[in-house]
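Computed over heavy atoms, backbone and side chain alike; hydrogens, waters and symmetry mates excluded.
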Amino acid sequence: MGNVIDELEGDYEIVVICINPDDALPINDTYRNCKIFRISLPRFKISDFLMRYKPLRPAAQQLHRIMSVLSIVLSPVSINAKLQKAYEQVLCQISDIDLLIPSQGPMEAILAALNYKITKKPNVQIIPFLFDAFAQSDTLHRFRWNKMLKRMAHIRIEQNILEFSNYVCFVPSWQKHLNEIGKSYVNKMMPIEHPLLKIEQENEQSTAPVFFQKDKIHILYAGSLNNKFRPVGYTLKLIKEIVKEFPDTVFHFMGSGNEMKKVIRGARQMPNNIIYHGAVTNQNAYHAMKFADILLSIGATNTPQLSSKIIEYFAYGKPVIHLNCKEDDSAIPLLEQYPLACSLMQKDEYLIENSRKLILFTKENHKKIIPFDVVQNRLANALPNFSAKIIRNILK
């Protein structure tokens with residue numbers, strides 16, 4: 001939502017409430033014209049106590065993960081009540097709120113806003129932005145049986161959001177579900193896309209990263225990789241096939257996650273063709289996107305969840321390769337609107353065929369760039385200003 005705030009901050013007094021990662025930043029802060037209130041994630045006292053002693057930290061982290069799972073499983077809904085309360089406490093400290101724009105995730109932010117409206121200020125307007133799945137999520141509830149057991153309770157939460165909100169903005173992956181659970185609230189539904197279609201400003205004289213050698217074709221993946229919902233095994237097998245016939249291709253990986261261990265092993269086996277850069281800042285990732293020849297997207301197993309990274313890719317106008325795990329991958333409709341896209345199914349029986357298709361796509365397109373004007377005309381609802389206009393119209 002930072003891009004939307006950039007569009008609005010010159011005309012409105014904006015207050016941001018966000019989570020303070022690792023309690024590393026000030027609780028109260030100011031950034032440009034925005035006031036910022038940061039809240040701490042609720043913690044478990046036992047694991048926090050053990051974290052003080054370095055030899056016990058691995059055990060403390062494991063204990064924290066176990067207790068996090070238990071708290072979700074034993075709760076009547078997959079909501080962190082302490083986190084919701086923390087949001088509500090900050091809301092009560094702010095005076096003269098005209099409009100609340102809670103962004104999900106976390107869902108706790110939306111529920112805190114609704115409870116504030118119901119119990120404290122009935123006249124305040126609310127426009128939630130729904131991005132990640134909730135009742136339909138394959139990961140939030142940890143276990144499929146837990147998801148199914150609490151499904152109706154979670155749907156009631158979503159219906160309450162529709163009932164008490166003035167409007168609800170949502171990305172395409174929510175469309176079918178909202179149509180099923182909220183037929184009487186259609187007039188409140190405002191479809192958008194992730195408001196990320198924006199080129200990060202850089203010095204025009206900036207040069208390519210030193211690791212982008214001029215005589216190679218550089219393909220970049222930026223983002224997280226996880227063995228449960230974004231595995232990398234097929235991608236590495238595909239790279240191995242590609243470099244046999246096309247050795248001048250170099251694959252760069254930037255990000256974190258437990259699947260990066262496999263990337264590191266792949267880089268050791270193919271040091272001339274795979275480079276792992278570790279977790280990098282957003283600025284460094286955007287800089288690499290600007291100079292890469294092709295951008296790589298790896299689809300999630302938990303469709304319809306969309307990786308918002310793909311919209312950031314589109315902003316740079318570079319060719320995009322997307323490896324989808326399922327036929328109903330939510331990125332495919334977006335890729336169909338983008339002229340320089342290649343989407344392939346991750347199936348072992350297609351491995352050789354896919355490698356040949358990607359080699360051909362790379363050879364034909366690695367020097368092409370789509371002007372930003374063309375991209376924004378095709379994907380106007382992903383522009384930050386598109387979402388900002390919705391908010392402006394409500395505040396008129």
Exercise. Just wondering, more than 12 heavy atoms not from Y167 lying within 6.0 Å of its OH?
Worked result: no
Problem set entry | From CG (L395) to CD (Q125), nearest 0.5 Å | 6.5 Å
Problem set entry | Note, V16 side chain near M1 side chain (heavy atom, < 4.5 Å) | no
Atom pairs and distances, side-chain donor-acceptor, residues 177-186, under 3.5 Å, sequence neighbours left out:
from : atom 1 : to   : atom 2 : distance (Å)
H177 : NE2    : E158 : OE1    : 2.6
N179 : OD1    : Q175 : NE2    : 3.3
N179 : ND2    : Q175 : O      : 3.4

Exercise. Honestly curious: do F211 and M270 fall in one hydrophobic cluster under the side-chain, below-4.5 Å linking rule?
Worked result: yes
Problem set entry | Note, F170 side chain near I192 side chain (heavy atom, < 4.5 Å) | no
For this session: Following the transitive rule for hydrophobic clusters with a side-chain heavy-atom cut-off under 4.5 Å over Ile, Leu, Val, Met, Phe, Trp and Tyr, establish whether I275 and V263 coincide in one cluster.
Result: no
Exercise. Taking Y221 for the side chain and S224 for the main chain, is one N or O donor matched with an acceptor at less than 3.5 Å?
Worked result: yes
Exercise. Are L358 and I332 in one and the same hydrophobic cluster, where Ile, Leu, Val, Met, Phe, Trp and Tyr link if side-chain heavy atoms are under 4.5 Å apart?
Worked result: no
Problem set entry | side chain to side chain contact (heavy atoms under 4.5 Å, CB included) assessment of L236 paired with I274 | CA-CA 9 Å; L236 293 173; I274 297 177; 3.9 Å; yes
For this session: Give a yes or no on whether a salt bridge exists between K244 and E241, defined as a side-chain N under 4.0 angstrom from a carboxylate O.
Result: yes
Exercise. Between Q84 and E88, do the side chains contain an N or O donor and an N or O acceptor separated by less than 3.5 Å?
Worked result: yes
Seminar exercise, completed: CZ (F246) and OG (S355) are apart, to the nearest 0.5 Å, by 12.0 Å
Exercise. Is the number of heavy atoms from other residues, nucleotides or ligands under 6.0 Å of K121 NZ greater than 12?
Worked result: yes
Exercise. Do L111 and E108 touch side chain to side chain, with heavy atoms closer than 4.5 Å?
Worked result: no
Exercise. With a 4.0 Å cut-off, would you call D348 and K237 a salt bridge?
Worked result: yes
For this session: Indicate, with yes or no, if I310 and M254 share a hydrophobic cluster defined by side-chain heavy-atom contacts under 4.5 Å among Ile, Leu, Val, Met, Phe, Trp and Tyr.
Result: yes
For this session: For K389, enumerate each residue passing the side-chain contact (heavy atoms from CB on, under 4.5 Å) test, keeping only those at least two apart in sequence or located in another chain.
Result: N385
For this session: Determine whether I36 and C18 make a side-chain contact, defined as any pair of heavy atoms from C-beta on separated by less than 4.5 Å.
Result: yes
Exercise. Got K147 and S137 here, is their nearest side-chain heavy-atom distance under 4.5 Å?
Worked result: no
Exercise. Do K262 side-chain atoms and V232 backbone N/O form a donor-acceptor pair below 3.5 Å?
Worked result: no
Exercise. Above 12 or not: heavy atoms from other molecules or residues under 6.0 Å from CG of D96?
Worked result: no
Exercise. Tell me, do P106 and N80 make a side-chain contact under 4.5 Å, heavy atoms counted?
Worked result: no
Seminar exercise, completed: Rounded to the nearest 0.5 angstrom, the CG-CD1 distance for L100 and I127 is 9.5 Å
Exercise. Which residues satisfy the ring pair (Phe, Tyr, Trp, His ring centres under 6.0 Å) test with H154, sequence neighbours excluded?
Worked result: F134, H141
Exercise. For E13, does the CD atom have more than 12 heavy-atom neighbours from other residues, nucleotides or ligands under 6.0 Å away?
Worked result: no
Problem set entry | Contacts of type ring pair (Phe, Tyr, Trp, His ring centres under 6.0 Å), residue Y338, not counting sequence neighbours | F314
For this session: For I66, look at atom CD1 and say whether over 12 heavy atoms of other residues, nucleotides or ligands are found less than 6.0 Å away.
Result: yes
Exercise. Stepwise, does the side chain to side chain contact (heavy atoms under 4.5 Å, CB included) test hold for I79 with I157?
Worked result: CA-CA 10 Å; I79 292 293; I157 288 175; 4.3 Å; yes
Problem set entry | Under 3.5 Å donor-acceptor, N3 side chain and P195 backbone | yes
Exercise. Any donor-acceptor pair under 3.5 Å linking the side chain of N354 with the backbone of M345?
Worked result: yes
Problem set entry | Under 4.5 Å side-chain linkage, directly or through intermediates, the cluster mates of W145 | V69, V73, F143, L149
Problem set entry | V243/N272 under side chain to side chain contact (heavy atoms under 4.5 Å, CB included): CA gap, chis, key distance, verdict | CA-CA 10 Å; V243 300; N272 295 325; over 6 Å; no
For this session: Supply the atom-to-atom distance Q376 CD to I370 CD1, rounded to the nearest 0.5 angstrom.
Result: 13.0 Å
Exercise. Partners of H218 by ring pair (Phe, Tyr, Trp, His ring centres under 6.0 Å), sequence neighbours excluded?
Worked result: F212, H252
For this session: Check whether any side-chain N or O of K150 sits under 3.5 Å from a backbone N or O of S75 as a donor-acceptor pair, and report yes or no.
Result: yes
Exercise. Ignoring hydrogens and geometry, is there a side-chain-to-backbone donor-acceptor pair from K309 to S297 under 3.5 Å?
Worked result: no
Exercise. Does atom CZ of R392 have more than 12 heavy-atom neighbours from other groups under 6.0 Å away?
Worked result: yes
Exercise. Of all heavy-atom pairs between A112 and L91, which one has the smallest distance, and what is that distance?
Worked result: O-CD1, 3.8 Å
Exercise. So, does N20 use its side chain to make a donor-acceptor pair with the main chain of L25 at under 3.5 Å?
Worked result: yes
For this session: Answer with yes or no whether the hydrophobic clustering places L344 together with L360; edges join I, L, V, M, F, W, Y residues whose side-chain heavy atoms lie under 4.5 Å apart.
Result: no
Exercise. If only atom types and distance count, is the side chain of K35 paired as donor or acceptor with the main-chain N or O of T30 below 3.5 Å?
Worked result: no
Problem set entry | Option from L295, I294, L296 for which side chain to side chain contact (heavy atoms under 4.5 Å, CB included) with L220 holds | L295
Seminar exercise, completed: One should read off an interatomic distance between L383 CG and L196 CG, to the nearest 0.5 angstrom, of 10.5 Å
Exercise. Counting N and O atoms only, with roles assigned by atom type, does the side chain of E7 sit under 3.5 Å from a partner on the main chain of P384, one being a donor and the other an acceptor?
Worked result: no
Exercise. Is the shortest heavy-atom distance from the side chain of I126 to the side chain of F164 under 4.5 Å?
Worked result: no
For this session: Report yes or no: do N284 and H277 form a side-chain donor-acceptor pair below 3.5 Å?
Result: no
Exercise. In Å, rounded to the nearest 0.5 Å, how long is the span from CD of Q89 to OH of Y116?
Worked result: 14.0 Å
Exercise. Is there a donor-acceptor contact under 3.5 Å from the side chain of N258 to the main chain of N227?
Worked result: yes
